[in-house]
Number of protein chains: 2
Amino acid sequence: MDSDYGVPRELSDLQKQRTLYQPELPPCLQGTTVRVEFGDATTAADPASAHVIGQNFPHTYGQPLAHFLRATAKVPDAQIITEHPAIRVGVVFSGRQSPGGHNVIWGLYDAIKAHNRNSTLLGFVGGTEGLFAQKTLEITDDILSTYKNQGGYDLLGRTKDQIRTTEQVNAAMTACQALKLDGLVIIGGVTSNTDAAQLAETFAESQCSTKVVGVPVTLNGDLKNQFVETNVGFDTICKVNSQLISNVCTDALSAEKYYYFIRLMGRKASHVALECTLQSHPNMVILGEEVAASKLTIFDITKQICDAVQARAEKDKHHGVILIPEGLVESIPELYALLQEIHGLHLQGVSAENISSQLSPWASALFEFLPPFLRRQLLLHPESDDSAQLSQIETEKLLAQLVDKEMNKRLKEGTYKGKKFNAICHFFGYQARGSLPSKFDCDYAYVLGHVCYHILAARLNGYMATITNLKNPVNKWRCGAAPITAMMTVKRWSRGPAASLIGKPAVHPATVELKGKAFELLRHNASSFLMDDIYRNLGPLQFDGPGADAKTITLCVEDQDYMGRIKLLQEYLEKVKSIVKPGCSQDVLKAALSAMASVTDVLSVMASPTFSSQPRL
Amino acid sequence: MDSDYGVPRELSDLQKQRTLYQPELPPCLQGTTVRVEFGDATTAADPASAHVIGQNFPHTYGQPLAHFLRATAKVPDAQIITEHPAIRVGVVFSGRQSPGGHNVIWGLYDAIKAHNRNSTLLGFVGGTEGLFAQKTLEITDDILSTYKNQGGYDLLGRTKDQIRTTEQVNAAMTACQALKLDGLVIIGGVTSNTDAAQLAETFAESQCSTKVVGVPVTLNGDLKNQFVETNVGFDTICKVNSQLISNVCTDALSAEKYYYFIRLMGRKASHVALECTLQSHPNMVILGEEVAASKLTIFDITKQICDAVQARAEKDKHHGVILIPEGLVESIPELYALLQEIHGLHLQGVSAENISSQLSPWASALFEFLPPFLRRQLLLHPESDDSAQLSQIETEKLLAQLVDKEMNKRLKEGTYKGKKFNAICHFFGYQARGSLPSKFDCDYAYVLGHVCYHILAARLNGYMATITNLKNPVNKWRCGAAPITAMMTVKRWSRGPAASLIGKPAVHPATVELKGKAFELLRHNASSFLMDDIYRNLGPLQFDGPGADAKTITLCVEDQDYMGRIKLLQEYLEKVKSIVKPGCSQDVLKAALSAMASVTDVLSVMASPTFSSQPRL
């Protein structure tokens, strides 16, 4: 850990200009008074999990939603928080850096100071390790000045990604107590927010007065559910990756001799790959979710790509661009099973060089079939969330090699008559992760920082800051907070070492919804993307002019606005009440009873644990 | 070759906006009349080469410089070209695509049509192969509409990179004659412009009436000399690469656990790596020119990096970013010698799998020492310019592995006490090459296209379009043309198969000048870059606002303005003449004679073939 945290950075002209950008606040957060309206008690989306989650989180499960409204909003039940005593808040980066992270801290700082100049914001330096070791840096205007709207996590740094063991949880609690923190804000993704929920529960149980708040910041875009529409960083990452993918497409079309296999950082889910495909229109994308649903083997995928190469060659096209999510390797059944065996042996303490000799016969056969570079990568120690070291496993190279082999075979057999197949492989991740955040991510993160303050001012514990209606301009955004436990599911089956996670509630990692609108859009265009080279170059991320305010296609087409629909439902229920007041006609009452009886019947069935074990979130 | 050339592309919002951007013309090219002033006859920079070049290019060597001036310019000798008969011009992309290429065609088209609506511009589709096969596409307003200010070469495509064999030269001549071309414009780098000069000479000798013009378009930035300050594409490539390098630096500083080894596309010379270093301030750059000058072996370089890693670890820094030009492998003496042996065996027809057994003992020992992936890459067939397939040779991985091994050794021996060394490798090239061109490249290419027309209107043959004073705004740019032969040198020694090039004049490929100002700037900051992590994030390429008009640091600090200094010299000479007019005093005449005698003495010595065999260009 070096001592450079918080030092002013040398900035380029563009960086300097970006430090001057001031994100707008939605009307509900403007001014110094904010109303909080509490909704109904929350449940988990999967009825079958609800009971287990409730048992695991007795103090923090079932808390109500909170909505933040402007002080003048005419909502009878809403309470205005008028007291703003000086508070002490800690903030920590947890997990992979994601563009926009710094703005959460800036927004939180501005909100804290706007309500009481004597409040204090402490940043933990070096991630959760800094939290355990109580290493802090007091955030000031001066310190923030060269980090506003800037990428990276270098203001505070980050190291280890978890707060999970009893030792870690206790160290975190000791730190919060020693530093007399009223609140602890954890900036991170699925895993970090699961840890935040656990910490909140433990604090509540131990009557530690620090309230824990989570913020959805992850480039993977997989912290999505009823309450969370997208994550800080996802917009930027998809735009920078799309810029590079588009450039490679233009290159492919100019040189007409290469197939580019591009693997994209984004963990297990394929959200980044899907969004980039919708933006740049490469020829193919192999989504992990599709592969898993169809149980495609590595040979099926190879054949699919080879058939595409052959079909294109028949149209005299000998170039192309194929996207691969980094999590694909875990979606391919036989590779996943092999990885599970390897991880099991790791857990038993078998050293990497001895693992191959202890594999089962079938796993051993597959292992030996794989090229040496991939074998080495599969043997790497698994990550803290039990997944393989996805960033290090070059699935794109494996596929390129297998396709090359198969195309040569077809060429020899005479079934393929095109030019020699040539592949170039890329992994795009690190070069996007440190990017200056897009305007959307700057705004989203900054406003989330403000929301964190209001959650703490309302003394809520175990909540995540949420903003909905994001596809609309900032002045239409709705701010709120949802208990993290309401976003959880319980893993019910797993093989190998991940079996230890069975029965443990965790924030549900969203995968690409194969029935969703974004995927539908892809399917609708897939054959045209494949054959017609309708590449589209998004260009470099702009901060002014056309495209500067564009949002991800996924966000725009999904149009979930769950919170808006919850409100609409409440309005319907109120309307029924107001029509069927005592004194209404028998006919009206009869019709209402009959209609409501059938509605409640249907809903009871749908919400029962047996109806669906993995609900669509 | 597919049939998609010239079809309208689907454009993103930003692309659409860019098609509306209209580059400005410098005053000398505005309006419909342009004056041409011819300068003195040119020579080659290396006096020792001049004779050989003259022998090889009897028709095109020694032609005068041409300057294009505004019609109202008060230059007595300049001639105004008043006749603009309808002409037919062909244009072809040759060599690696470079951002801005499309704008040369657009500028040329606009200039041709502005002077005579009946003139015709034919694009050869599929590069030089299209030229040989006479496959053309007539350029129209409609066709250009979705390609203005866009990246790639996909309007016309490109395939083979050379016009060199007698067969190829004859095919090109036949095409020009069959299509009745008044001019042929070749868009490319060092090799393509050498071919252009050869073609011009052959056409002149054969009394073919087509005039050949070259345009300096190459992302490598190595077509630099007295007349050419920079190349179309270099600005964009350096900006996009710097964006990505900066992002990786931010990432390194946030995670603090990786060393990133980044190899940069740019052929043999290290111009791209140097510019990106000056922009982004990574910790280290290994310039090929420095390695060659100091004759550093691969082990010397490894040691240099290991010592840096160790020094940083002592300051508790376990991360860093190291840049490597793709041409480095040819600058390392022992690897270059090995490559030469391999290429020699290739030329003898030895197949790749048999090469290793026929190497000399020392080469074989080195070959066996190298990791298998690198051996495979070294065995690839050399490129058309006799260099290795630099884009395919992963020197960054070799260095990362060697450093890893050495750091582990030092760790075991106890001489290194830091954390375990972790490397991540990247190759940046294809993802930058297809980028939307920067404003500078859009302007530079568009104006060069105009200059090409004026060269053809003046009936000049074997010239390259030139623009100088580029670091200043467009309205200060000076437009001209220089004989390509004046940019040539003759290779005097070489080992292995490249020996066949000995004695053949070729456009001089500029390497990074170790006595130049850009390198001086690097040296001045190197220790601070290494230790202080003063990373600077250039951010994504902007088309508006701060940074949109920035130019490369290399261009700005080099400040060559050779053409301006030639003009200044002429003014001094005129002044001497005007002072020492017949009738002046004996004293004045005596002083002038004495001074001029010593000046001419010094210059004669400096310009003699023996003074320097490799002059600074």
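The chains referred to below are lettered A, B, ... by the order of the sequence lines, with proteins before strands, and numbering in each begins at 1. Being a predicted model, the structure only gives us computed values, none of them experimental.
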Checklist entry - Which one, B/Q17, B/Q15, B/Q392, leads in non-hydrogen pairs under 4.5 Å with chain A? => result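 Sorted descending by pairs with chain A, the first entry is B/Q15.
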Checklist entry - For chain A, which of B/E10, B/R96, B/Q279, B/H281 has the most heavy-atom pairs under 4.5 Å? => result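 The candidate making the most pairs under 4.5 Å is B/E10.
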Report the distance from atom [atom1] of [X] to atom [atom2] of [Y], rounding to the nearest 0.5 Å.
{"X": "B/T250", "Y": "A/L436", "atom1": "OG1", "atom2": "CG", "answer": "7.5 Å"}
{"X": "B/D549", "Y": "A/D13", "atom1": "CG", "atom2": "CG", "answer": "11.0 Å"}
{"X": "B/Y535", "Y": "A/L11", "atom1": "OH", "atom2": "CG", "answer": "15.5 Å"}

Checklist entry - For B/F428, is it the side chain, the backbone, both or neither that has a heavy atom under 4.5 Å from a heavy atom of chain A? => result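 For B/F428, side-chain heavy atoms alone lie under 4.5 Å from chain A.
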Checklist entry - For chain A, which residues from residues 239-249 of chain B lie under 4.5 Å away (heavy-atom distances)? => result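 B/V240, B/Q243, B/L244, B/N247, B/V248, listed by number.
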Checklist entry - Are B/Y430 and A/Y260 close enough that their ring centers fall under 6.0 Å? => result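 For B/Y430 and A/Y260, the ring centres are under 6.0 Å apart.
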Checklist entry - Between A/R158 and B/E256, is a side chain to side chain contact (heavy atoms under 4.5 Å, CB included) present by the stated rule, with each step listed? => result CA-CA 8 Å; A/R158 62 105 175 166; B/E256 297 184 278; over 6 Å; no
Among the listed options [options], the residue most often paired with chain B at heavy-atom distances under 4.5 Å:
{"options": "A/A255, A/G151, A/G157, A/G152", "value": "A/A255"}
{"options": "A/I262, A/L156, A/I424, A/I534", "value": "A/I424"}
{"options": "A/S435, A/S12, A/S254", "value": "A/S254"}
{"options": "A/K257, A/R9, A/H426", "value": "A/H426"}

Checklist entry - Taking atom types as modelled and ignoring hydrogens, do the side chains of B/N537 and A/Q150 form a donor-acceptor contact shorter than 3.5 angstrom? => result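 No, A/Q150 and B/N537 have no side-chain donor paired with an acceptor closer than 3.5 Å.
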Checklist entry - Regarding A/Q542 and B/D544, is there a side-chain donor-to-acceptor distance under 3.5 Å anywhere? => result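 No pair is found: no donor N or O on one side chain lies under 3.5 Å from an acceptor on the other.
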Item to check | Contact summary for A/L538 and B/L14, nearest pair of heavy atoms | outcome: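 Closest approach of A/L538 to B/L14: O-CD2, 3.6 Å.
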